[in-house]
Amino acid sequence: MGVLVVTGTGTEVGKTVTTAALAAVAARAGRSVAVLKPAQTGVAPREPGDVDEVVRLAGDAVTGVELARYPEPLAPGTAAARAGLAPVRPEQVAEAVEKLAASHDLVLVEGAGGLLVRLDAEGSTLADVAGLLAAPVLVVAAAGLGTLNSVQLTGEALRSRGLRQAGVVIGSWPREPGLAERCNVADLPVAAGAELLGAVPAGVGTMSPEAFRSGAGEWLGRELGGVWDGAEFARRAASGEPERP
């Protein structure tokens with residue numbers, strides 16, 4: 001898997017921490033890793049952005065690249081227009097990814113918000129980037145009520161464009177999941193039309209980087225380089241067993 005596009009079903013679903021976990025697992029396995037953020041919004045010029053957070057958690061050996069930054073916390077296309085700045089184009093993103101892929105074993109492309117958030121006034125999206133790269137797309141989803149609709153819509157959007165969905169990862173699994181969260185473990189793969197490949201515990205982004213890197217493999221399935229056991233996780237969720245500390 002040379003290039004993996006990481007999208008979310010929306011904002012604040014744990015996409016950046018999931019990307020950091022993917023990078024940490026790959027780096028720990030001895031792979032050279034780059035993380036590219038096409039457009040960072042809502043962050044001041046010298047303020048740390050998502051790429052900085054990924055590198056902080058996953059390690060300085062990870063190469064971090066941010067192509068464009070806009071000050072207001074809006075969709076990239078809107079934020080660029082309001083700031084009077086040039087938008088980032090899919091072709092520009094694909095070119096940058098291909099350059100990174102020439103010198104790295106794995107390139108992770110972390111989008112802003114969901115799959116179809118607009119990058120420019122013409123309506124280009126992360127889906128267009130994935131199409132240019134012919135890269136699989138990993139969907140990071142919320143755990144609770146309302147997530148099934150978002151996951152199904154994202155899966156249908158990917159299939160309608162001929163894009164391959166690598167799977168779904170729950171971006172923030174609560175310490176004490178309720179009924180909706182526990183039922184969603186079984187329902188998410190059905191809604192997505194793709195496998196559930198991991199569940200990142202809520203709050204792990206506040207861990208020390210060392211603890212984060214050590215634990216990341218336990219949150220991701222074997223397809224993503226980790227040791228997370230989906231069948232065991234589903235069994236525990238269905239039975240209502242408390243999460244292990």
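These numbers come from the heavy atoms of this one structure, side chains and all, not from hydrogens, waters or symmetry mates.
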Checklist entry - If you round to the nearest 0.5 Å, how far is OG1 of Thr19 from CD of Glu110? => result 4.0 Å

Item to check | Leu115: which of Leu153, Thr7, Thr9 passes side chain to side chain contact (heavy atoms under 4.5 Å, CB included) | outcome: Thr7

Item to check | Minimum-distance pair of heavy atoms, taken over all atoms of Arg69 and Asp52 | outcome: NH2-OD2, 4.1 Å

Checklist entry - Can Glu66 and Lys37 be counted as an ion pair, charged N to O under 4.0 angstrom? => result no

If you look only at distance, which donor and acceptor atoms sit under 3.5 Å apart when one is on a side chain in residues 74-87 and the other is two or more places apart or in another chain?
residue : atom : partner : partner atom : Å
Arg82   : NE   : Glu72   : OE1          : 2.5
Arg82   : NE   : Glu72   : OE2          : 3.4
Arg82   : NH2  : Glu72   : OE2          : 2.9

Next on the checklist: I need the minimum non-hydrogen distance between Thr41 and Pro73, along with the two atoms involved.
Outcome noted: OG1-CA, 4.2 Å

Item to check | Backbone of Glu210 reached by a side-chain donor or acceptor of Ser214 within 3.5 Å | outcome: no

Checklist entry - CZ of Phe212 to CG of Leu57: how many Å apart, nearest 0.5 Å? => result 4.5 Å

Item to check | Residue pair Val168, Leu197: steps toward the side-chain contact (heavy atoms from CB on, under 4.5 Å) verdict | outcome: CA-CA 6 Å; Val168 178; Leu197 298 183; over 6 Å; no

Checklist entry - If you group Ile, Leu, Val, Met, Phe, Trp and Tyr by side-chain heavy-atom gaps below 4.5 Å, do Val117 and Leu108 land in one group? => result no

Next on the checklist: Has Glu95 got a side-chain atom pairing as donor or acceptor with Gln92's backbone, closer than 3.5 angstrom?
Outcome noted: no

Checklist entry - Judged by atom type as modelled, is there a donor-acceptor pair below 3.5 Å linking the side chain of Glu53 to the main-chain atoms of Asp50? => result no

Checklist entry - Would Phe233 and Trp219 count as a ring pair (Phe, Tyr, Trp, His ring centres under 6.0 Å) if you check the C-alpha gap in whole Å, the side-chain angles of each, and the deciding distance to 0.1 Å? => result CA-CA 10 Å; Phe233 183 82; Trp219 316 325; over 10 Å; no

Item to check | Gap between atom CD of Glu195 and atom CG of Leu224 - 0.5 Å precision | outcome: 10.0 Å

Item to check | Counterpart residues, side-chain contact (heavy atoms from CB on, under 4.5 Å), relative to Leu36 (two or more places apart) | outcome: Pro38, Val65, Leu67, Val93, Ala96, Val97, Leu100, Val109

Checklist entry - Is there side-chain contact between Pro174 and Glu181, with at least one heavy-atom pair below 4.5 Å? => result yes

Which donor-acceptor pairs under 3.5 Å do the side chains of residues 119-146 make with protein atoms, sequence neighbours left out?
residue : atom : partner : partner atom : Å
Asp120  : OD1  : Glu122  : N            : 3.1
Asp120  : OD1  : Gly123  : N            : 3.1
Asp120  : OD1  : Ser124  : N            : 2.9
Asp120  : OD1  : Ser124  : OG           : 3.3
Asp120  : OD2  : Arg89   : NH1          : 3.1
Asp120  : OD2  : Ser124  : OG           : 3.0
Glu122  : OE1  : Arg89   : NH1          : 2.4
Thr125  : OG1  : Ala127  : N            : 3.1
Asp128  : OD2  : Thr125  : N            : 2.8

Item to check | Taking every non-hydrogen atom, the tightest pair across Leu4 and Ala166 | outcome: CD1-CB, 4.0 Å

Next on the checklist: If I take atom NE2 from residue His104 and atom NZ from residue Lys99, how far apart are they, to the nearest 0.5 angstrom?
Outcome noted: 14.0 Å

Item to check | Sub-4.5 Å side-chain heavy-atom contact between Ile170 and Val200 | outcome: no

Checklist outcome for this item: Between Ala39 and Tyr70 the two heavy atoms that sit nearest each other are CB-CE1, 4.1 Å

Checklist entry - Do Val25 and Arg28 come close enough that some side-chain heavy atom pair is under 4.5 Å? => result no

Checklist entry - Taking all atoms of both residues into account, what is the closest heavy-atom pair of Pro189 and Leu196, and its distance? => result CG-CB, 3.9 Å

Checklist entry - Nearest heavy-atom pair of Ala199 and Trp173: which atoms, and what distance? => result CB-CB, 4.3 Å

Next on the checklist: Using side-chain heavy atoms (C-beta onward) and a distance below 4.5 Å, is Val54 in contact with Thr16?
Outcome noted: yes

Item to check | Interatomic distance, Glu232 atom CD to Arg236 atom CZ [nearest 0.5 angstrom] | outcome: 6.0 Å

Next on the checklist: So does Asp187 get a backbone contact from the side chain of Asn184, meaning a donor-acceptor N/O pair under 3.5 Å?
Outcome noted: no

Checklist entry - Does some side-chain heavy atom of Val35 sit less than 4.5 Å from a side-chain heavy atom of Thr63? => result no

